[in-house]
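Please read the structure below before turning to the comments.
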Amino acid sequence: MTPTVFYFPIRGRAEPIRLALVAMGIEYEEQAVDYGEMKSALEKYPFAQCPRFVDEDGDISQSNTILRHIGRKHGLYGKGLKEAAEIDMLADGVEDIKRKYLSLIYTDQLAEEAKAAYWTAHFDPATTGGRNGGAHFAYLSHLVAKCGSGGWAVGGALSIADILLFDIVDVHQRAFGEDKFAAAYPNLAAVYKQVEAIPGVKAYLESPGRMAKVNGNGLG
Ligand SMILES: N[C@@H](CCC(=O)N[C@@H](CS)C(=O)NCC(=O)O)C(=O)O
């Protein structure tokens, strides 16, 4: 069966799932979510939220669970338990930043003042150890320097950690500027470039199939 992604017509939390699939050359279908069904059919949407992913192995909710499933199935989960744990650390670290980012988009509406505070708390290399709740690009950069090789985040091969880093770097480059990002965290910018150059990803990024809208409220 053709794997199917159920989501809204935005990048949002489905984008890393789509990126992992195209990176591996896996064809998939995109289906719009029926909002009423999502809110009432718990056997399909156990958290009354999307994204949801269906393939021959299951019917899965929770974006990071879906990505981990694709990672295990298609060899994007490193070699051995040590690398798998490093990938998980990065994935959870990205999730901590993603929650702050979503708050900047949906609660703070990307206001300039909020952006400046966000930069200080989660971005500025000088502010690790501050009140950032573990959500800081310097932490991700340090882990990639420690665990990665050959420009990949963990070990010497593409993993779901690279995919998640690509997505989180992508949305922050959009919000704060590509040059600013690359100057602060060149090793994360290098992971971004390496994922961007994967043939399936490159084709997807240039295709009309990539959603134009990043977040549900049109910001970002
Ligand atoms: N932890 C969940 C969060 C999912 C989530 O927040 N989904 C949003 C869209 S990104 C949603 O379904 N919003 C509609 C609603 O809750 O009614 C995941 O990672 O999949």
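Model, not experiment: these values are computed from the prediction. Whatever order the structure lists them in is the order used to number ligands and atoms, beginning at 1. Counting begins at 1 with the first residue of the sequence.
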With Asp92 as reference, evaluate Arg68, Lys98, Arg99 under the salt bridge (Lys or Arg N to Asp or Glu O under 4.0 Å) test and give the passing residue. Arg68
Surrounding CD of Glu56 (heavy atoms of other residues, nucleotides or ligands, distance under 6.0 Å), is the total greater than 12? yes
At less than 4.0 angstrom from any non-hydrogen atom of Tyr35, what atoms of ligand 1 do you find? 15 (C), 17 (O)
Can you tell me which portion of Phe47 lies within the under-4.0 Å heavy-atom range of ligand 1? Options are side chain, backbone, both, or neither. neither
Consider ring pair (Phe, Tyr, Trp, His ring centres under 6.0 Å). Of Tyr101, Trp119, Phe181, which one does His172 pass it with? Tyr101
So for Gln62 against ligand 1, with non-hydrogen atoms under 4.0 Å, the contacting part is both
Of the side chain and backbone of Tyr45, name the one, both, or neither that has a heavy atom under 4.0 Å from an atom of ligand 1. neither
Examine Tyr7 against ligand 1 and note whether any of their N/O atoms are separated by less than 3.5 Å. no
Are the side chains of Phe53 and Thr65 in touch, meaning some heavy atoms are under 4.5 Å apart? no
Close side-chain approach of Gln173 to Tyr192, heavy-atom, < 4.5 Å: yes
Donor-acceptor pair, side chain of Lys39 and main chain of Ala48, under 3.5 angstrom: yes
Below 3.5 angstrom, do we get any N/O pair linking Cys50 and ligand 1? yes
Taking a cutoff of less than 4.0 Å between a non-hydrogen atom of the residue and any ligand atom, is Pro51 in contact with ligand 1? yes
Which residue holds the protein heavy atom closest to atom 19 (O) of ligand 1, what is that atom called, and what is the gap in Å? Ser63 OG, 2.6 Å
Counting only heavy atoms, tell me which of Glu95, Arg52, Gln49, Lys39 gets closest to atom 11 (C) of ligand 1. Gln49
Answer yes or no: is there a donor N or O on one side and an acceptor on the other, between the side chain of Lys213 and the main chain of Gly216, under 3.5 Å? yes
Proximal atoms of ligand 1 relative to Met38 (non-hydrogen, under 4.0 Å): 12 (O), 14 (C), 15 (C), 17 (O)
